[in-house]
Protein chains: 2
Amino acid sequence: MKENTKKPSIDDIAKSLGVSKTLVSMVINNKTEKYGISEKTRKRVEEKIAELGFMPNKAARRLRTGKSFLIGVIVPDISNPFYSKIIRIIEDKAQLDGYNPMICSSDEDSEKELNLIKMLMDSQQVDGLILSSTLDNAAKLDFITKRGFPCVLIDRVLSGSNMPSVSVDNEQAAYTATESMIKSGCKTIALLTISPGYISTIKERKQGFARALEVHGLSFTEKNVIEIPFQDIKNSVYENLDTLLKKNKIDGLFAANNNIALACMEYFSEKKLKVPEQLKFISFDDIDVFRFSAPTISAVEQPVEEIGSWSFKVLKDLLENGTNAPNKAKISLPTRFIKRKSG
Amino acid sequence: MKENTKKPSIDDIAKSLGVSKTLVSMVINNKTEKYGISEKTRKRVEEKIAELGFMPNKAARRLRTGKSFLIGVIVPDISNPFYSKIIRIIEDKAQLDGYNPMICSSDEDSEKELNLIKMLMDSQQVDGLILSSTLDNAAKLDFITKRGFPCVLIDRVLSGSNMPSVSVDNEQAAYTATESMIKSGCKTIALLTISPGYISTIKERKQGFARALEVHGLSFTEKNVIEIPFQDIKNSVYENLDTLLKKNKIDGLFAANNNIALACMEYFSEKKLKVPEQLKFISFDDIDVFRFSAPTISAVEQPVEEIGSWSFKVLKDLLENGTNAPNKAKISLPTRFIKRKSG
DNA sequence: ATGAAAGCGCTAACAA
DNA sequence: TTGTTAGCGCTTTCAT
């Protein structure tokens with residue numbers, strides 16, 4: 001039993017009131033003051049709008065104005081709590097300014113990411129982009145910059161890119177975390193990191209790790225670093241830990257992100273490995289698990305709320321003031337190393 | 001140094017090839033066969049499209065066809081892992097059929113939810129809706145049904161609603177979980193649940209809890225149930241646990257969702273309460289934390305993947321075949337109680 | 001096998 | 001203070 005299936009248009013409002021749709025449009029867009037529309041007509045129109053439950057058709061508005069009030073958000077995986085928390089903040093902030101996010105997961109796949117970007121920019125006509133990029137090369141995003149399209153990089157930045165960004169100092173954070181392990185007595189520490197290794201956060205974490213070793217007189221070699229492929233974390237972690245531990249080579253382990261850490265923790269509990277007695281262990285990305293596990297896990301906490309709110313703030317600035325500002329914001333937020341029981 | 005700032009339109013393709021835009025449109029929409037367009041022209045058009053990197057403007061297409069290939073997804077909180085996992089699946093499935101999700105959080109706020117629904121339907125022109133509703137009354141969604149608008153309820157259903165739905169049998173799941181505690185020797189169990197209490201999942205969990213008590217000869221009274229307000233989980237959990245435990249009334253605790261469980265676990269660890277020795281504890285919604293915590297937490301696991309994939313499948317059916325099917329799909333998926341160390 | 005033209009709902013320049 | 005009109009980019013009906 002459908003009724004009134006067609007949504008009212010601006011024309012319906014105008015006709016039923018015997019006024020022009022210009023007028024209605026003005027009311028919708030709060031331009032009655034600007035054009036000197038009388039209080040009375042404004043009220044009449046507003047009442048009719050409420051009565052019919054009219055809402056402007058965004059497709060039409062987008063087509064006409066070229067502005068969509070949509071922002072594209074691309075992250076590697078929306079179900080990773082690190083990203084879903086950031087996204088939640090972006091959603092809230094965006095809404096306050098009338099923007100809606102279109103959220104997409106890139107699956108750490110460069111090609112997919114590029115397709116998503118094009119889809120969002122050219123098909124969905126988003127007004128701006130917030131991007132945690134998995135690309136290896138800043139040049140691949142040059143087409144965005146060339147178009148003067150508002151885009152802010154978050155979490156992962158691209159070296160050589162002149163896009164504004166919101167990130168943390170991964171190098172320093174990893175340095176501090178590693179140093180803490182060294183001070184607890186570790187002599188041979190392995191970093192379990194993720195491939196592709198060109199991702200800025202990963203690269204910086206590795207650098208900070210290496211610097212800490214060297215500063216503290218523990219020589220760093222590439223053997224200290226194991227790359228785990230994103231697509232097969234669990235198996236790869238198991239295999240590599242087997243090798244590392246059988247040869248009994250390491251007394252400390254640093255997981256470069258929360259996914260890897262969870263795989264390690266499964267390994268520990270399955271193999272009844274005692275942490276921190278047999279092996280000290282820390283991770284990047286603080287997640288709930290780390291506060292409650294046995295032992296609790298020391299980790300680098302990232303300011304997800306700030307990352308979220310700054311990323312929209314920076315994008316909004318681009319949206320309102322254009323992308324031609326001489327010095328683009330590059331925001332680096334502080335992290336915090338939370339020392340717990342694991343190492 | 002912007003270049004070529006304007007995106008190519010269907011007209012640009014047509015003009016540069018000296019053909020009509022009808023033709024180009026046909027090519028874009030794979031209708032060349034249908035209209036008997038020659039191979040050669042099709043190829044020519046396709047090449048030009050590739051050359052210019054043309055992508056059809058969705059706003060224009062939406063305006064013209066009335067179809068947006070957008071689906072609205074509303075959940076209480078996108079950063080809750082239970083929902084973000086479901087959403088990830090929906091995103092993937094939808095993409096395979098050319099749909100993009102617009103994801104929104106309702107914050108357990110009925111009014112906000114209703115506004116989001118209207119915004120998505122009337123402004124964004126989404127083609128369908130996937131809804132984990134926080135409403136108290138099926139009638140509030142009648143306007144959706146009356147319009148014949150495709151909408152599927154997930155996770156939470158509305159009693160008396162004739163919308164299709166994808167959910168789990170919360171009553172049975174809570175029954176089984178509670179029964180397990182009873183079998184472990186609990187005599188006085190409290191259910192820590194969430195308000196508003198009219199939400200179907202919450203109501204059913206309470207019913208299953210009550211039934212288990214009664215079936216096993218432990219009388220159920222409303223005193224066994226504590227409602228925690230969504231907005232202030234931590235404080236309220238702390239206060240209520242203080243009361244419950246000081247009077248030393250309970251030997252078992254059932255957290256009705258993962259948010260509440262986390263607050264309880266913080267309480268336990270802060271107050272050095274021994275679980276399960278001093279208090280047995282279980283939860284609804286299995287999350288990573290439960291597998292690694294000390295002790296590990298027994299919990300009801302919900303099939304998030306299936307919820308996600310079924311919800312899009314059901315919506316797709318509505319999208320393709322209309323909402324007039326006599327018997328709407330009401331899908332109930334199995335849960336699994338995972339017994340761990342906590343109770 | 002291809003083209004012309006109308007129109008989706010809206011905004012904005014211009015007219016009155 | 002209000003109305004007329006063109007046109008955003010696309011699909012689709014009707015012509016040819």
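Just so it is clear: chains get the letters A, B, ... in the order the sequence lines come, proteins before strands, and each one is counted from 1.
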Discussion item. So A/Ile37, base contact, sugar-phosphate only, or nothing? Heavy-atom distance under 4.0 Å.
Written reply: base
Practice prompt. Round to the nearest Å and state the distance from A/Lys15 atom NZ to D/dT4 atom P.
Written response: 11 Å
Worksheet item: Salt bridge check: are B/Lys85 and A/Asp77 linked by an N-O gap of less than 4.0 Å?
Response: no
Worksheet item: Any salt bridge between B/Asp317 and B/Lys313, counting N to O under 4.0 Å?
Response: no
Worksheet item: Salt-bridged, A/Arg44 to A/Glu47, with N to O below 4.0 Å?
Response: no
Practice prompt. For B/Arg62 and C/dG9, give me the distance from atom CZ to atom C1', rounded to whole Å.
Written response: 15 Å
Worksheet item: Closer to the 5' end of DNA chain C via nearest nucleotide, is it B/Gly36 or B/Leu63?
Response: B/Gly36
Worksheet item: A/Lys21 has an atom NZ; how far is it from atom P of C/dT11, in whole Å?
Response: 10 Å
Discussion item. Side-chain N or O of A/Ser9 versus OP1/OP2 of C/dG9: is the shortest distance under 4.0 Å?
Written reply: no
Fill in: Atom-to-atom span, CZ of A/Arg44 to C1' of D/dT1 - whole angstrom
13 Å
Worksheet item: B/Ala60 or B/Thr41: which one's nearest nucleotide on DNA chain C is closer to the 5' end?
Response: B/Thr41
Worksheet item: So what does A/Thr22 hit on the nucleic acid, given a heavy-atom distance under 4.0 Å: a base, only sugar-phosphate, or nothing?
Response: base
Worksheet item: Ion pair present between A/Arg147 and A/Asp122, side-chain N to carboxylate O less than 4.0 angstrom?
Response: yes
Worksheet item: Looking at A/Lys43 and A/Glu46, does any basic side-chain N land under 4.0 Å from a carboxylate oxygen?
Response: no
Worksheet item: Hey, does B/Ser25 reach any base, or is it just sugar-phosphate, or nothing, if we go heavy atoms under 4.0 Å?
Response: base
Worksheet item: Hey, is the side chain of B/Ser38 poking within less than 4.0 Å of OP1 or OP2 on C/dT2, counting only N and O atoms?
Response: yes
Fill in: Side-chain N or O of A/Arg64 closer than 4.0 Å to phosphate OP1/OP2 of C/dA12
no
Worksheet item: Contact class for B/Lys58 (heavy atom, under 4.0 Å): base, sugar-phosphate, or nothing?
Response: nothing
Discussion item. What is the distance, to the nearest angstrom, from the CZ atom on A/Phe69 to the P atom on C/dC10?
Written reply: 16 Å
Worksheet entry | B/Glu33 CD - C/dA1 P separation (whole Å) | 11 Å
Practice prompt. Please state whether the phosphate of C/dT11, meaning OP1 or OP2, lies under 4.0 angstrom from any side-chain nitrogen or oxygen of A/Asn29.
Written response: yes
Worksheet item: Just how far, in rounded Å, is P of D/dG9 from CG of A/Asn57?
Response: 17 Å
Worksheet item: Does B/Ala59 or B/Met26 map to a spot on DNA chain D nearer the 5' end, using the closest nucleotide for each?
Response: B/Ala59
Fill in: Atom-pair distance (CG on B/Leu23; P on D/dT12), nearest Å
15 Å
Item to complete: Look at all strands and tell whether B/Lys31 reaches a base, only sugar-phosphate, or nothing, counting heavy atoms closer than 4.0 Å.
Response: sugar-phosphate
